[in-house]
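Working notes for the structure below.
The first residue of the sequence shown is numbered 1, and numbering continues consecutively from there.
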Amino acid sequence: MFRNQCCGRPMMGMQQPMMPMNGNGCGCPIVEPTITKCVEKEFFHEVPHVCPIHTHVINRHVYKHTYSPQFTCSEENQVVNLDCGKCSQFMQ
């Protein structure tokens, strides 16, 4: 007969395996396909942020120049002496 291998042990003819028989004719455990379970977890983290806000104030001083006429007056006095001679001309 043919020699079959089960779990590394040769089987000869109709010999009984050392392990109890299961459905595959071999006393070896049947390894089923792997079932993958996917577990999704969410972790929430609070991340503090500092948002600096700077206010710059510009004070603008606007000067509007207005012009008003201011009238002045000045006066000058001049003296003119008409001197026709000297008193000595009458003395002789």
**Message:** When you compare the side chain of Val50 with that of Pro52, does any pair of heavy atoms fall below 4.5 Å?
**Reply:** yes

**Request:** Give me the ring orientation class for Tyr63 and His65: parallel if the planes are under 30° apart, tilted from 30 to 60°, perpendicular past 60°.
**Result:** tilted

**Prompt:** With sequence neighbours left out, which residue pairs that include part of residues 66-76 fulfil the side-chain hydrogen bond (donor to acceptor under 3.5 Å, both in side chains) condition?
**Reply:** Glu76-Gln78

**Prompt:** Phe44: what forms a side-chain contact (heavy atoms from CB on, under 4.5 Å) with it, not counting sequence neighbours?
**Reply:**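 Phe44: side-chain contact (heavy atoms from CB on, under 4.5 Å) contacts with Glu42.
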
